[in-house]
Each structure stands twice: as structure tokens, then as C-alpha cells.
Amino acid sequence: MLRPEYPRPQFIRNDWLNLNGEWQFDYDDQDEGIRQTWYEGRTMGRRIQVPFCYQSKLSGIGETEFHDIVWYRKDVTLPPEFAGKRVLLHFGAVDYDARVWVNGKLVAAHEGGHTPFSADITGALQDGSNSIVVRAQDYSKDVTLPRGKQYWEEKSRGIFYTRTTGIWQTVWLEPVHDIYLAKTKLTPDIDRNEIHVRAFFNGPLKQSGAMLKTIVSFGGEIVAEDVILLQQEEEARTIKLHDFNDHGLGRWWTPEKPNLYDIEFIVTVDGREVDRVRSYFGMRKISVVDGQLLLNNRPYYMKLVLDQGYFPDGLLTPPSDDAIRQDVELTKAMGFNGARKHQKVEDPRYLYWCDKLGLLVWGEMANAYAYSERYVERVTKEWIEAIDRDYNHPCIVAWVPINESWGVPNILVDSLQQFHALSMYYLTKSLDATRPVISNDGWEHVKSDLCTIHDYESKEEVLAERYSSAVKAVGAKPGRRWIYVPGYKYENEPIIVSEFGGISFRKSDWEGWGYSSAASDEDFVNRLTAVVHPLLQSPVVQGFCYTQLTDVEQEINGLLTYDRKPKIPLEWIRQINEGQKPSIEAE
């Protein structure tokens, strides 16, 4: 079975059926499928390995030509434990427009290429075999589509990569009772040592006698229990954690000590258990006070690496859970304490490993390239879904709805685009008041909680001078870009150089480019030191994000090759990130 791990690690049920693996598959270049009712049982002529897109090698197809409409079919017989239950069909992500039929009945429609959707398919099921059919439509050449790094031309080029069309995350089935827990929102409060729980339910709760028991534990030891009668579709509780949580002896979550609490939700009706969900949370606070970036009320310097989340054979889809964990472990081994997931709403399994192993994450939307009213509608809806999906992850410490004026290319002079960026900032704050929001990462900020700057200057003395004061940093205009849109100004927000470096160093068969280039190990070390150390020594910079973790397609500016081989010893990079200069001769 491909990608056999449970795909939703913060909301685990024991009973489920993984639908990854071989599906029937076809292109529909003439858009005939709906008219010819392919959803009514047509046999598809090709085979594909889900959850990999047809453009990837791991799909078994590996064709990169444009095919914007694709169809899938899988016949499924439900296991005995599904009998008498409602059945939910889940999709981790389908790019971009999806329609789903079960036994010829339309059960779901979803727009948005990076966020999950589900359907209760109980009413469409029959005894024996059941046909699940998916139609996915991409819009490969539409530059107003929230697409991230997917290129609108056939061959990848520059900073853009191979497209993803169709199913690219796990598909699975799940049996539930008539009354079941639909989702939770968990908000830690380290100042009061409390966890605030919002629980959302589906089903006929009125006079059902349904109860919710919540059990919080740490390291197998129960620290809190709570039981309530369910009367509404949403119930909220604040649970006090009766344990010690300060002075370095406690259980707060940090990259250095990624402590996690387990939390279990048990739903009963008339004393009979009908649902049980396992999750976890971290007691963690990220805040800005008097211009200082704080983690758990202490100043914290963020050392991030830009991570595109692409893989040679799977593209946007990691080949395995081990590959995801390896990326997190390699990042930490190089002395980084975080990652900026770039132009991708990442697989929840990645966020799980960041929670588990300790890595900060900036959650970023996959942006469009051009502005239109349709773009605004699309990106707003999908961004809301992304925040909702990932809210509970302690690793996420910042939200980035827009990067480098993507989707708002005329924001410097266009009031509509300025208002859009401002609305995305406040929309994000309205959904999550616990994390900083960056309105437009890199330059041309409107209102923003962090002042983030993209700067690919390679000369050490220039960087040292540029970041010797906040006035110089904000006024420098690297890349000839204003840091703030006229009418907005720097107001003592923490300064983060959120893209820099980009040093190309060829250490594989890949040909490619970077923002500057190194000719040898020693040259690479010298160049890396020249861009990292001025930021570490700056009196005003509170964090950075180095470009980038790995080579990607035609880009060879990674610290690792595309197949995750270190270009220089990981310890050398760690030493540079700690303000030291590696002794190459000693190696």
C-alpha cells in the first residue's frame, strides 16, 4: 500500500480504510466525460498509483503534457466493521476542481488544490462492490489560480516547477456513528496553564443523551479529565492543566524540547461509546511584545530554511512518511530551528513530524500570479480552509497569506490590491488571534506583524552595513523593492530576513542556477558564512530564512541535492548557523 500511514495525525480514529494504490484513470482532453456519464461505471483505460499525480514518476505514468481534465475510478467493498455505520469519504487534496460520484450519485464537489474535503456517502452505498469516481479539472494556464510554484507552461523554468493535476494526497474511508465528533480547535494558554477546547459535532444531538469525555495526559499520566452533556453542535471547555510548566522544568513546547500532550475525545450515547478520537497539542505561545519576537514569553531567534516541499519522483507528494521525517531531521541537523514552507499548504504528516521532533513552521498559502476578482474569491476560500485544517499544530508560528506580491503584482500603486492584502491580514487575524501574520512576505507590506525582507545580497560587508540599524534595513530596498507600500510604515515590528542566500553549488547531475554560485566546498562555506554571520551579528535582525533546503528541478541553490544528499557536512552548516567558522582543513 502506498503511503499507508494515517493521513490526519491530529484527529485519529482506529477504524479506517486506505484507498491509496492502483486506480483506473483516463484523460478527458475533449471534456466529454460528464456528457457521456463516465461516472456511471465506465472502465478507464489507464492505471495510476494514488496519491501521486500523473506528472510524477511514482504515479506510474510520468507524463508532463497538459491534460487538464482527468478521471479516476476505484471499486471498493467495505470491510465488516463498516456495517451499520455512516461512511465518510476523505480526500487530503485534489488539484484543482473535484467532483466525486459513488455508484453514479454525486456526493461531493470541491474547489481548491491544497485543502481537504469529505463527504458522507452512506446514502449512495450498496451491498457488495461500490464504484468511486473522481473527476478533477486543473486550469494549467490560468495565472489567477492559486497554484504556488506550478508552472503555466509545459516545461519548468526559472523559479517554477512541474505541475500537479488531480489527486495528490491520501484518499480514505472512515465509519462513524450517527453522532460523531467532526473536528476540534485547541488553543493553549501557557500564562494560565490551560487548554481551551472547542469541539464540533455532527448528528442528532437534541435529547440524545450524548456525552463527551475529554482526557488529557502527558507521558502516559493523566493530568486532566472533563465530562459534559452535548446539547449543541459546538461545545467549548477550558481545561486546567495541573502540572508545572516553567523554569525549564516544565512541559512547554519548543524546538529544543518538543513536549506534546495527548488528548482523547470519547463520545457516548446512553453510556455506550460511539466515537473515540485521539489527538495531541503543545503548550506554546508565540507573541510580539515591544518589538521583540517571543516564544513562550522569552526572546527567540528564528533560524529558518526555505523548504519548497518538492520531491524528484513524487513532486508535491512525498514518496513516504520516512521521507517527510528525514527532511525534518536534516533541517534540525543543520542547526535550523524552523522552516518556511514555501508556496505550498504542506501535507499534515509533515506538520506532525515538526510537532513531534521540534521545528517551527511558517504556514504559507500557495499563491496565484495575477490579480482578478475570481482570484480573490478562490484564494480567500482556500486560505480559510488551510487555517482551519492546521490551526491545532503547535509547530506553526506564523501565517503568510501572500508572498512577494504574487497575485497582487501592482500592490505598490493599486488600491484594490492593497485592500486585498490588508483584508487577508485581518481575515487571518479574525480566524487566529494567536499567531503573527505577514501581509506580503518579502516586500511591499501593508499592515503586518513582522517586517520581513527578501535580500539576496552576497557581500558580507554590504549585509553588515544594511542591517546595522532598523532605519537602514527598512530603507534599503533590496531588489529595488519598497519594504512598505506608500501609506504604511515600519512600526517597530521584529525584522526577519525571510529569504536570503540562494547560493548555487552543483553537487549532482542536475544543471541549474542560483542567486550566486560557489565553485568548491571551501568557496561554498565562505559564501554561506558571508551571508549568515552578518544577520546573526545584526543588532536589529531577529531571525532569518535561508534559501533553500534542497535543489529543486532547475534550481541548484539547496544545501542538499534534490535527492537529499548534503553538499557539505551537515555539521559545517550547523557551525555557521551558530556563528562559528568551520575548520575545513580538519576534515
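For the numbers below, each heavy atom of this structure counts, side chains included, while hydrogens, waters and symmetry mates do not. Small disclaimer: the values here were computed from a predicted structure and weren't measured.
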Under a plain distance cut-off of 3.5 Å, with no hydrogens placed, do Gln308 and Gln548 share a side-chain donor-acceptor pair? yes
Six-ring centre of Phe52, Arg3 cation under 6.0 angstrom, axis tolerance 45°: no
Decide side-chain hydrogen bond (donor to acceptor under 3.5 Å, both in side chains) for Trp353 and Asp321; before the verdict, give the C-alpha distance in whole Å, the side-chain angles of both, and the deciding distance to 0.1 Å. CA-CA 9 Å; Trp353 284 117; Asp321 200 47; 3.1 Å; yes
With side-chain contact (heavy atoms from CB on, under 4.5 Å) as the criterion, how do Trp572 and Lys567 come out once you've worked through the C-alpha distance, each side chain's angles and the decisive distance to 0.1 Å? CA-CA 10 Å; Trp572 290 2; Lys567 293 185 177 180; over 6 Å; no
Determine the interplanar angle of the Tyr369 and Trp152 rings, folded into 0 to 90°, and report it as parallel if under 30°, tilted if 30 to 60°, perpendicular if over 60°. tilted
Is NZ or CZ of Arg527 both nearer than 6.0 Å to the six-membered ring centre of Phe524 and within 45° of the ring axis? no
Residues Val540 and Ala470: closest non-hydrogen pair is CG1-N, 3.5 Å
Side chain Asp355, main chain His393, donor-acceptor under 3.5 Å: no
Classify the side-chain pair Tyr425/Asn440 by whether it contains a donor and acceptor separated by less than 3.5 Å. no
Start with the C-alpha distance between Gln169 and Val94, add both sets of side-chain angles, then the distance that settles side-chain contact (heavy atoms from CB on, under 4.5 Å), and finish with yes or no. CA-CA 7 Å; Gln169 288 184 20; Val94 181; over 6 Å; no
Flag the pair Trp253 / Pro255 as yes when at least one side-chain heavy-atom distance between them is below 4.5 Å, and no otherwise. yes
Determine whether the side chains of Glu555 and Tyr161 contain a donor N or O and an acceptor N or O closer than 3.5 Å. yes
Could you tell me whether the side chain of Tyr301 reaches within less than 4.5 Å of the side chain of Phe544, counting heavy atoms only? yes
How about His454 and Ser498: does a side-chain donor come under 3.5 Å of a side-chain acceptor? yes
Does a side chain donor of either Asn259 or Trp252 reach within less than 3.5 Å of an acceptor in the other side chain? no
Lys NZ or Arg CZ of Arg8 over Tyr352 ring: under 6.0 Å, within 45°: no
Main chain of Cys53, side chain of Ser59: is a donor-acceptor contact present, judged purely on distance under 3.5 Å? yes
So, Arg574 and Glu578, do they make that salt bridge, N to O below 4.0 Å? yes
Reported CG-to-CH2 distance for the pair Leu450 and Trp362, which is rounded to 0.5 angstrom: 5.5 Å
Between Asn297 and Asp191, is there a side-chain donor-acceptor contact under 3.5 Å, judged purely by atom types and distance? yes
Qualifying residue, where the test is side-chain contact (heavy atoms from CB on, under 4.5 Å) with Phe336 and the options are Val305, Leu304, Leu330: Val305
Looking at Val400, Asn367, Ile402, Ile453, which hits side-chain contact (heavy atoms from CB on, under 4.5 Å) with Asp441? Val400
Below 4.5 Å, heavy atoms only, C-beta onward: do Arg147 and Tyr96 meet side chain to side chain? no
Check step by step if ring-ring contact (aromatic ring centres under 6.0 Å, His included) holds for Phe500 and Tyr456. CA-CA 5 Å; Phe500 78 109; Tyr456 285 102; 8.0 Å; no
Do the side chains of Asp322 and Arg325 get close enough for a salt bridge, i.e. N-O under 4.0 angstrom? no
Any donor-acceptor N/O pair, Arg564 side chain to Tyr562 backbone, under 3.5 Å: yes
One should read off an interatomic distance between His67 NE2 and Gln55 CD, to the nearest 0.5 angstrom, of 8.5 Å
For Thr165, does its backbone N or O pair with a side-chain atom of Asp95 as donor and acceptor, under 3.5 Å? no
In plain terms, say whether Arg340 and Asp307 are close enough for a salt bridge, that is, a side-chain N and a carboxylate O under 4.0 Å apart. no
Can you find a side-chain donor-acceptor pair between Glu444 and Ser405 that sits under 3.5 Å? yes
Would you check, one step at a time, whether the test side-chain contact (heavy atoms from CB on, under 4.5 Å) holds for Glu553 with Leu315? CA-CA 10 Å; Glu553 299 198 356; Leu315 301 180; 3.7 Å; yes
Ignoring hydrogens and angles, tell me if any N or O in the side chain of Ser538 forms a donor-acceptor pair with the backbone of Leu535 under 3.5 Å. no
Would you find a donor on one side and an acceptor on the other, under 3.5 Å apart, between the side chain of Asp313 and the backbone of Lys57? no
For the residue pair Lys341 and Tyr350, would you count it as a cation-pi contact if the rule is NZ or CZ under 6.0 angstrom from the ring centre and within 45 degrees of the ring axis? yes
Given 3.5 Å as the limit, does a donor-acceptor pair link the side chain of Ser504 with the main chain of Asn557, or not? no
Between Tyr490 and His445, is the gap from one ring center to the other below 6.0 Å? no
Test: Lys149 cationic atom under 6.0 Å from Tyr310 six-membered ring centre, within 45° of axis: no
Heavy-atom check, side chain of Ser517 versus side chain of Ile503, under 4.5 Å: no
Would you check if there is a donor-acceptor pair between the side chains of Tyr151 and Arg163 at a distance under 3.5 Å? no
If the threshold is 4.0 Å, N to carboxylate O, is there a salt bridge linking Asp551 and Lys507? no
Supply the atom-to-atom distance Ser520 OG to Ile584 CD1, rounded to the nearest 0.5 angstrom. 7.5 Å
Quick one: do the Thr162 and Gln150 side chains pair a donor with an acceptor below 3.5 Å? no
Taking the six-membered ring of Tyr139 as reference, does the cationic atom of Arg378 (NZ for Lys, CZ for Arg) lie under 6.0 Å from its centre and within 45° of its axis? yes
Within the 4.5 Å heavy-atom criterion, are Ile576 and Lys581 side-chain neighbours or not? no
For Gln554 and Ser156, which I'm curious about, is there any donor-acceptor pair between the side chains at under 3.5 Å? yes
Taken to the nearest 0.5 Å, the spacing of Thr550 OG1 from Leu560 CG works out to 6.5 Å
Considering only NZ, NE, NH1 and NH2 on the basic side and carboxylate oxygens on the acidic side, decide whether Lys344 and Glu346 come within less than 4.0 Å. yes
Do the ring centers of Trp406 and Phe160 come within less than 6.0 Å of each other? yes
side-chain hydrogen bond (donor to acceptor under 3.5 Å, both in side chains), that's the test. Do Glu364 and His342 meet it? Break it down for me. CA-CA 6 Å; Glu364 184 171 314; His342 190 40; 3.0 Å; yes
Please confirm whether Trp383 and Trp399 have ring centers closer than 6.0 angstrom. yes
Do any N or O atoms from the side chain of Thr115 and from the backbone of Glu382 form a donor-acceptor pair under 3.5 angstrom? no
Report the C-alpha distance between Asp455 and Tyr467 in whole Å, list the side-chain angles of each, state the deciding distance to 0.1 Å, and finish with yes or no for side-chain hydrogen bond (donor to acceptor under 3.5 Å, both in side chains). CA-CA 11 Å; Asp455 188 346; Tyr467 296 101; 2.7 Å; yes
